[in-house]
Enquirer: 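Have a look at this one.
We use all heavy atoms of the structure for the numbers below, so side chains are in, but hydrogens, waters and symmetry mates are not. Below, chain A is the first sequence line, B the second, and so on; all start at residue 1.
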There are 2 protein chains.
Amino acid sequence: MWLKYIVNTYSFMTEHEMNTEQKILDAAKEVFQQKGMTGARMQEIADKAGINKALLHYYYRTKDKLFEKVFELAFSLFIPKVKEMMISDKPVFEKIEFFVENYLNLLQKHPYIPGFVISELNRNPEILVKIIGKNIQLKENNLLEKLERQISEEVVKGIIKPISAENLLTNVISLCLFPIVAKPILRGVLFENDEKMYEAFLEQRRDFVKEYIINSIKA
Amino acid sequence: MWLKYIVNTYSFMTEHEMNTEQKILDAAKEVFQQKGMTGARMQEIADKAGINKALLHYYYRTKDKLFEKVFELAFSLFIPKVKEMMISDKPVFEKIEFFVENYLNLLQKHPYIPGFVISELNRNPEILVKIIGKNIQLKENNLLEKLERQISEEVVKGIIKPISAENLLTNVISLCLFPIVAKPILRGVLFENDEKMYEAFLEQRRDFVKEYIINSIKA
DNA sequence: ACTATCTTTGACCAGATGGTTAAAACAAAT
DNA sequence: ATTTGTTTTAACCATCTGGTCAAAGATAGT
């Protein structure tokens, strides 16, 4: 209890001295992301965390609770950048540049999260409902309407072509995320599973996507 | 044995008289797609097929073998249209129109397959290797080079702007597939989980995507 | 030193799960 | 009717899996 309090408050410990809870979350994240909720084994998570299975259940009473926590942490990670972009007062082009750049960086750091989230959401869409409260929807903040208005303004000014906020957002996210999520397929179909070529392809797409989207809506 | 031969050759039976093998494949497809390889239960597949679990193992000795078959059938379904488009001699714009239209139709018929394939491929990328032989890669037929050449020609003619075949193909596939694969997320983020609104959104995107891509590469 | 609370462990359990087996039911050929 | 080969079933099994429990270690406050 004391240990937990100190760690959570000052976080002065090194990675090797991490408290049990964090070790569990790290291990669970790894196992769940690789094998999915149904494929993951509590024993494997305990082993990877270097602890006993009973201790695992002591911290997170059930597999479901542990999974929910891991899923929520993973999901949350990818929301702020979307909001940040939508909220900012930059012109549309800069918003797109900002978003694509930052999202692709985030993806490079956590390449397995989107696939994990999509997989599990496909298996059980209701998980999302529980997280909705903690990760405010765009609509609630009128962020979509804001983007819509902004687009209209720039259309009137003759800067960009008309496009709905939903379509623009969907396009941007699709073009960023899909090549990561469907990596095994695209790598196989386009580059005969050559990992290095695919990495180069992704690297090349960083600038390509930015320019592609901006040009596509430029008036 | 006799029954199988007759059915496979003449297929004169109605859906209710289907042979056991087909009933198994249908049931397995449903269960595997909804719960994934690790989440699926042989018992549930047997129940859904209206047969005994032992009979299930009689036809497909192991869960893995059954899964492989189902996965292969699902994956194969989405390859021909890509090939057909790449092989055809139509101009690029028509190719895109043809592909988007046909792919979105296919997706409407089988909306769960892409998510299923991506999920399982994420869990175990090696499955794809086994299927590669049966679903010829684009490279082997020089289909990518062919598209690349075609693009170059039309660029020279001043019809389209320069773009690599890989990038174009990736964009088209991403814009078609991602909104289906990530449906639970986008539906939540954009439309507060309103299913009807999302369906309308997808319907609207049928034409939108076609025009968007074509305009984006129009010289 | 003693107590109270929190953390960790080894042993254990009930139910689920993939898979097997031996025998019965069936269908076709002779 | 008998034989031969295929299809289907009920009963069974070894193993795995999420979860529990009682007891032992730690840790801090008195």
Enquirer: May I ask you to say whether A:Lys210 pairs ionically with A:Glu101, meaning some side-chain N is under 4.0 Å from a carboxylate O?
Expert: yes
Enquirer: Going through the distances and angles, do B:Tyr58 and B:Ile24 end up as a side-chain contact (heavy atoms from CB on, under 4.5 Å)?
Expert: CA-CA 11 Å; B:Tyr58 171 77; B:Ile24 290 177; over 6 Å; no
Enquirer: Dump the intermediate steps for salt bridge (charged side-chain N to carboxylate O under 4.0 Å, His left out) on B:Asp89 and B:Lys95, then the final yes or no.
Expert: CA-CA 8 Å; B:Asp89 281 322; B:Lys95 273 186 171 173; over 6 Å; no
Enquirer: Which one, C:dG19, C:dT8, C:dT9, comes nearest to the side chain of A:Ile51?
Expert: C:dT9
Enquirer: Between A:Glu84 and A:Lys81, does any side-chain N to carboxylate O distance fall below 4.0 Å?
Expert: yes
Enquirer: Roughly how many Å is it from CG in A:Leu56 to C1' in D:dT17, rounded to a whole number?
Expert: 13 Å
Enquirer: Can you sort out which residues in residues 40-49 of chain A have a heavy atom within less than 4.0 Å of DNA chain D? Ascending by number, please.
Expert: A:Ala40, A:Arg41, A:Met42
Enquirer: Rounded to the Å, how far apart are B:Arg61 CZ and C:dT21 C1'?
Expert: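 In whole Å, C:dT21 C1' lies 16 Å from B:Arg61 CZ.
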Enquirer: Grab the OH-P distance between A:Tyr59 and C:dC6 for me, whole Å please.
Expert: 12 Å
Enquirer: List the protein contact pattern of nucleotides 21-26 of chain D with one symbol per nucleotide (5' to 3'): B for base contact, S for sugar-phosphate-only contact, - for none; contact means a heavy-atom distance under 4.0 Å.
Expert: B-----
Enquirer: In this structure, how many angstroms lie between the P atom of C:dA22 and the CG atom of B:Asn52, rounded?
Expert: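 So the two atoms are 17 Å apart, to the nearest Å.
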Enquirer: Are the charged groups of B:Lys183 and B:Glu195 less than 4.0 angstrom apart, N to O?
Expert: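 Answer for the salt bridge query: yes.
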Enquirer: How about A:Phe116 and A:Tyr112: are their ring centres within less than 6.0 Å of each other?
Expert: no
Enquirer: Find the distance A:Leu55:CG to D:dG19:C1' and express it as a whole number of Å.
Expert: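 It works out to 14 Å between those atoms.
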Enquirer: Apply the test side-chain contact (heavy atoms from CB on, under 4.5 Å) to residues B:Leu202 and B:Leu104: give CA-CA distance (whole Å), side-chain angles for both, the deciding distance (0.1 Å), then the verdict.
Expert: CA-CA 9 Å; B:Leu202 288 182; B:Leu104 292 183; over 6 Å; no
Enquirer: Does A:Tyr58 have a side-chain nitrogen or oxygen under 4.0 Å from the phosphate oxygens OP1 or OP2 of C:dT8?
Expert: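 False: A:Tyr58 side-chain N/O out of range (4.0 Å or more) of C:dT8 OP1/OP2.
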Enquirer: When the ring planes of A:Phe201 and A:Tyr198 are compared, do they come out parallel, tilted or perpendicular, using 30° and 60° as the limits?
Expert: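 The rings of A:Phe201 and A:Tyr198 sit tilted, inter-plane angle from 30° to 60°.
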Enquirer: When the distance from NE2 of B:His57 to P of D:dA10 is rounded to whole Å, what number comes out?
Expert: 15 Å
Enquirer: May I have the distance from A:Phe32 (atom CZ) to D:dG18 (atom C1'), rounded to whole angstrom?
Expert: 11 Å
Enquirer: Side-chain donor-acceptor pair under 3.5 Å between B:Asn124 and B:Glu120, yes or no?
Expert: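 No, B:Glu120 and B:Asn124 have no side-chain donor paired with an acceptor closer than 3.5 Å.
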Enquirer: Report yes if at least one side-chain N or O of B:Thr20 is closer than 4.0 Å to OP1 or OP2 of D:dT8; otherwise report no.
Expert: yes
Enquirer: Report yes or no: is there a donor-acceptor pair, N or O only, under 3.5 Å between the side chain of A:Lys53 and the base of D:dG18?
Expert: yes
Enquirer: Within the pair A:Thr62 and D:dG18, is there a side-chain N or O less than 4.0 Å away from OP1 or OP2?
Expert: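 No.
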